[in-house]
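For reference, positions follow the sequence shown, starting with 1. The shown structure was predicted, so the numbers you read here are calculated from the model rather than taken from an experiment.
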Amino acid sequence: MSSVLEDSNHVAGATRGECEIKPELKFYVEFRRHDMYLGEYGFDWMRNDYDAISKDYKKLKSEYTKSTKEPKENKFRYTLTIVEGKEYFVPWLSFLPAVMPSEEKIIKLSLRVYFLENNAEPDDIIRFSSDDTNITFSDPVIELYDRFDDDVYRSLESVTILRKWRKRVLETEEPDWDQLLQMAEECHDELPGGTTLAFLYNLYLVNRETKIRLKTEEIIAETDQQKREKLLEDKRILEQKDPQILKIEILRGITKLIEGGREPVDYYDVQVKCKGVLSRDTLITAYNKKNIPVGYLKVLKNSNYKDFIFEITPIRVLRSRTNIIEGGKEVLVEDDLSAQDKNTIDDKVFGGIDESKYNLQELENHLNKNSLNQALLQCSINSVIDIVIDEEKWIDKGFIIEREDEKFCTGELLDEFKKVFESQYSNLAKKREVVMFLVPLQHYGEEMCAGGYANLHEIDAKELAVFSTNLWSKSTFSHEIAHVIGLEHSFLHHNDMDARKQSMIMDADEIKNIEKDIINEKDEEAWLNSIISEYDDLEKERLGIDEACAARGSILDGEFSRYEQIKARQKQLRSDEAKAEVVRAKESLRALHKHWQETDGYRSYLNRKNYYEGWNPHKFIQAHTENIMDYDNNPISFYKFQWLAMQNDVKNFYSKK
């Protein structure tokens with residue numbers, strides 16, 4: 001009999017080679033929209049470039065982390081999710097229930113599987129589970145074996161290096177050309193042979209929105225003459241580009257390279273099925289063969305969808321030159337000009353259909369199936385009605401102007417449209433609905449010609465207007481309707497609430513700095529005469545404050561800009577008399593501020609600020625997202641926090657319930 005030591009090559013009837021333990025596959029998964037997505041459901045996830053384009057990335061993270069409710073305090077607590085040792089952000093899915101209770105709602109998604117270590121074996125799977133029994137899956141288990149060969153891992157080293165370089169660019173607060181070039185050269189030394197030129201050239205030329213200024217003539221010399229000339233032209237263009245914007249473009253380009261098939265990733269179709277309604281937010285979990293979570297998806301509850309049904313009344317704005325006296329009152333009537341306006345609107349919105357009852361069905365379908373439905377909203381567009389305006393009077397008031405033999409609307413005319421609507425349809429104007437003015441003229445403005453705009457001054461405002469240039473654009477209607485029902489723009493601009501707040505209200509530290517500046521400056525007599533003159537002007541203007549507020553739609557813009565002028569002049573003073581004048585100036589401003597607090601315009605502003613501030617918490621750099629509330633982009637979706645904002649507004653102010 002052989003001893004255990006002598007027979008060490010055999011264990012329990014098997015050879016050592018047969019019992020060799022193979023390395024475990026490590027991977028994680030991410031749920032995404034399918035490739036043919038057209039907005040038919042809501043889907044929101046943490047994009048890879050958000051750290052570069054978000055106003056507050058740290059705050060934004062909470063939108064995509066799992067949440068738990070504390071039993072004692074009944075409050076939500078957000079917890080960081082870790083999958084396979086990596087920070088993991090959980091996407092959100094929303095969809096309306098099936099039309100019939102007996103039917104199933106089927107949502108087609110894409111599943112990305114990221115392989116981290118080792119190869120798949122025959123028993124490697126992905127299994128899906130939901131904490132709501134209403135949700136099931138067409139394929140609850142996915143087999144991973146044989147989807148990849150060894151070559152799929154050949155680029156993992158390059159991906160790791162690209163991520164490292166991306167991190168260094170991201171951490172560069174003040175972009176510098178030489179610094180970026182040095183990073184590129186270091187990347188050249190680290191990347192596997194033969195990939196450097198392709199990497200840099202891809203960043204610079206193929207990805208047109210992603211260009212890095214290359215100074216190395218060797219790289220340019222390796223291209224043909226036509227490409228070389230293009231590279232040199234791009235370099236000249238880049239010299240005029242804002243470094244911060246360039247930095248963002250570089251980060252987006254690297255992200256595309258990492259995601260563009262260079263990483264060991266596979267794609268699967270996943271169908272989520274739901275029968276009935278979801279009475280609470282639901283968590284879908286993906287597990288590996290050892291029942292360890294490798295991915296998550298949150299589904300928004302939809303049992304409350306009937307709270308978000310509302311009506312829209314479309315109103316054609318028609319011009320007229322003809323009026324009659326009826327019962328001692330001048331009444332506008334439709335004429336040839338009105339007929340011309342009807343044709344302009346009908347051709348762009350209605351496709352030339354004369355019957356007005358159902359001729360907005362295509363727009364209604366878009367809103368209900370590819371836009372507002374993402375937030376579980378459903379609208380019904382009523383029959384079209386007409387309001388008639390006196391063109392000559394509107395020209396006299398400056399609301400309509402003529403440029404190069406063509407007439408334009410100018411200014412913000414929602415209040416004017418609203419007045420005409422209320423005078424001609426007093427009962428209809430009181431309805432709980434959204435009012436959509438269809439305007440046959442283009443808009444003309446000194447800074448920007450608007451395709452449309454909506455009333456954001458009042459929290460329960462319901463009016464929007466779309467001008468002739470955008471009457472064909474369904475995304476414009478989605479954008480403007482979303483404004484009415486609670487959404488601000490998704491990007492930062494000069495009218496951002498925080499910026500306006502800072503320009504209106506000066507805190508105690510700033511006032512202290514003003515008084516310190518006074519001590520060190522000269523020319524007090526000239527300054528004193530100047531500030532007295534400024535305050536005399538302010539006193540004269542106080543009687544017109546209410547009118548100015550209504551015209552501007554904001555508070556203290558003009559008056560506090562004058563205060564900023566005073567602040568600049570204060571630097572010229574150091575006398576006691578000047579300091580006494582500063583005290584009088586501050587008292588005058590306090591009285592002015594108190595007066596504004598008593599006006600309807602100020603209360604309206606505060607109401608809107610307090611109401612909307614919490615519903616539009618995240619901002620991004622303009623034209624860098626595909627959000628419907630962005631500009632100069634390809635608009636297709638809303639964010640999860642926007643879903644909630646629109647739901648809140650519709651339920652409070654516009655719902656039929």
request  = Determine, step by step, whether K474 and E362 satisfy the salt bridge (Lys or Arg N to Asp or Glu O under 4.0 Å) criterion, reporting the C-alpha distance in whole Å, the side-chain angles of both residues, the deciding distance to 0.1 Å, and the verdict.
outcome  = CA-CA 9 Å; K474 297 181 183 66; E362 188 177 347; 3.0 Å; yes
query = Are the side chain of D630 and the backbone of A623 linked by a donor-acceptor contact shorter than 3.5 Å?
reply = yes
message = Between F641 and H618, is the ring centroid distance below 6.0 Å?
response = yes
task = Taking all heavy atoms of H624 and all of D49, pick out the closest pair and write down the distance.
result = O-OD2, 4.4 Å
message = side chain to side chain contact (heavy atoms under 4.5 Å, CB included), that's the test. Do T136 and S130 meet it? Break it down for me.
response = CA-CA 7 Å; T136 57; S130 168; over 6 Å; no
query = Parallel under 30°, tilted from 30 to 60°, perpendicular over 60°: which one fits the rings of Y28 and Y88?
reply = perpendicular
Check: Y50 ring centroid to F89 ring centroid under 6.0 Å = no
query = So, Q378 side chain and I309 main chain: donor-acceptor pair closer than 3.5 Å or not?
reply = no
Heavy-atom donor-acceptor pair, S110 side chain to D269 backbone, under 3.5 Å = no
key: Gap separating the CZ atom of F417 from the CG atom of N455, nearest 0.5 angstrom   = 12.5 Å
key: K431 atom NZ, over 12 foreign heavy atoms within 6.0 Å   = yes
ask   = Got L644 and L300 here, is their nearest side-chain heavy-atom distance under 4.5 Å?
value = yes
key: Backbone of D386 reached by a side-chain donor or acceptor of Y425 within 3.5 Å   = yes
message = So which atom in S279 and which in S303 form the shortest heavy-atom distance, rounded to 0.1 Å?
response = CA-OG, 3.4 Å
query = Side chains of L111 and I126: does their closest heavy-atom pair fall under 4.5 Å?
reply = yes
remark   = Taken to the nearest 0.5 Å, the spacing of F421 CZ from L414 CG works out to 12.5 Å
request  = Over all heavy atoms of both residues, which pair between S473 and T476 is shortest? Give the atoms and the distance, please.
outcome  = OG-OG1, 2.9 Å
note = For I135 and V272 the tightest heavy-atom approach is CG2-CG1, 3.8 Å
inquiry  = Taking the six-membered ring for Trp, are H479 and Y631 closer than 6.0 Å centroid to centroid?
reply    = yes
ask   = Hey, is the main chain of Q374 close enough, under 3.5 Å, to the side chain of S94 for a donor-acceptor pair?
value = yes
key: Non-hydrogen side-chain atoms of Y296 and I284 separated by less than 4.5 Å   = no
task = Measure the CD1-CZ distance between I628 and F638 for me, rounded to the nearest 0.5 Å.
result = 3.5 Å
query = Has the side chain of R432 got a donor or acceptor atom that lies under 3.5 Å from a matching backbone atom of S655?
reply = yes
remark   = Between K301 and L376 the two heavy atoms that sit nearest each other are O-CD1, 3.3 Å
request  = Test ring-ring contact (aromatic ring centres under 6.0 Å, His included) on F467 and Y453 and set out the steps.
outcome  = CA-CA 9 Å; F467 297 94; Y453 48 63; 5.3 Å; yes
request  = Check whether the ring centres of H366 and F477 lie less than 6.0 Å apart, and answer yes or no.
outcome  = no
inquiry  = Is it the case that the side chain of D649 and the backbone of M646 share a donor-acceptor pair, with hydrogens and angles ignored and the cut-off at 3.5 Å?
reply    = no
task = May I ask you to test the L363-M436 pair for a side-chain heavy-atom distance under 4.5 Å?
result = yes
query = Rounded to the nearest 0.5 Å, how far does CG of L487 lie from CH2 of W643?
reply = 13.0 Å
ask   = If we only count heavy atoms from C-beta on, is the C274 to I107 side-chain gap below 4.5 Å?
value = no
message = Ignoring hydrogens, what is the shortest heavy-atom contact between Y64 and L60? Give both atom names and the distance.
response = CD1-O, 3.7 Å
inquiry  = Could you check whether T313 and N382, counting side-chain N and O atoms only, form a donor-acceptor pair closer than 3.5 Å?
reply    = yes
message = Please evaluate residues F137 and S129 with respect to the criterion side chain to side chain contact (heavy atoms under 4.5 Å, CB included), reporting the C-alpha separation (whole Å), side-chain torsions for both, the decisive distance (0.1 Å), and the verdict.
response = CA-CA 8 Å; F137 308 87; S129 177; 5.7 Å; no
message = Ignoring hydrogens and geometry beyond distance, is a side-chain donor-acceptor pair present between Q642 and N627 at under 3.5 Å?
response = yes
ask   = So do P97 and K105 actually touch side chain to side chain, heavy atoms under 4.5 Å?
value = no
request  = Go through I485 and L377 one step at a time and tell me if the side chain to side chain contact (heavy atoms under 4.5 Å, CB included) criterion holds.
outcome  = CA-CA 11 Å; I485 58 178; L377 274 56; 3.4 Å; yes
ask   = Within a strict 4.5 Å, meaning less than it, do heavy atoms of the N616 and Y639 side chains meet?
value = no
task = Check the surroundings of atom NZ in K369: do more than 12 heavy atoms from other residues, nucleotides or ligands lie under 6.0 Å from it?
result = no
request  = Please examine the side chains of F308 and K651, heavy atoms only from C-beta on, and report whether any two atoms are closer than 4.5 Å.
outcome  = yes
ask   = Ignoring hydrogens and geometry, is there a side-chain-to-backbone donor-acceptor pair from N370 to L38 under 3.5 Å?
value = yes
message = For E87, is there an ion pair with K61 - N to carboxylate O distance below 4.0 angstrom?
response = yes
message = Checking E117 against E24 for the side chain to side chain contact (heavy atoms under 4.5 Å, CB included) test, could you report, in this order, the C-alpha distance in whole Å, the side-chain angles of both residues, the deciding distance, and whether it holds?
response = CA-CA 8 Å; E117 293 180 13; E24 292 286 349; over 6 Å; no
Main-chain N/O of S468 paired with K348 side-chain donor or acceptor, under 3.5 Å = yes
inquiry  = Using 0.5 Å steps for rounding, measure from the NE2 atom of H489 to the NE2 atom of H483.
reply    = 3.0 Å
inquiry  = Check whether E30 reaches the backbone of R112 with its side chain - one donor and one acceptor, N or O, closer than 3.5 Å.
reply    = no
key: D35 bridged to R32 by N-O distance under 4.0 Å   = no
message = What's the separation between atom CD1 in I315 and atom CG in L464, rounded to the nearest 0.5 Å?
response = 9.5 Å
task = Measure up the W45 and F43 rings against each other and bin them: parallel (under 30°), tilted (30 to 60°), perpendicular (over 60°).
result = tilted
message = Quick test of your reading of the model: are E488 and K619 salt-bridged, counting only N-O distances below 4.0 Å?
response = yes
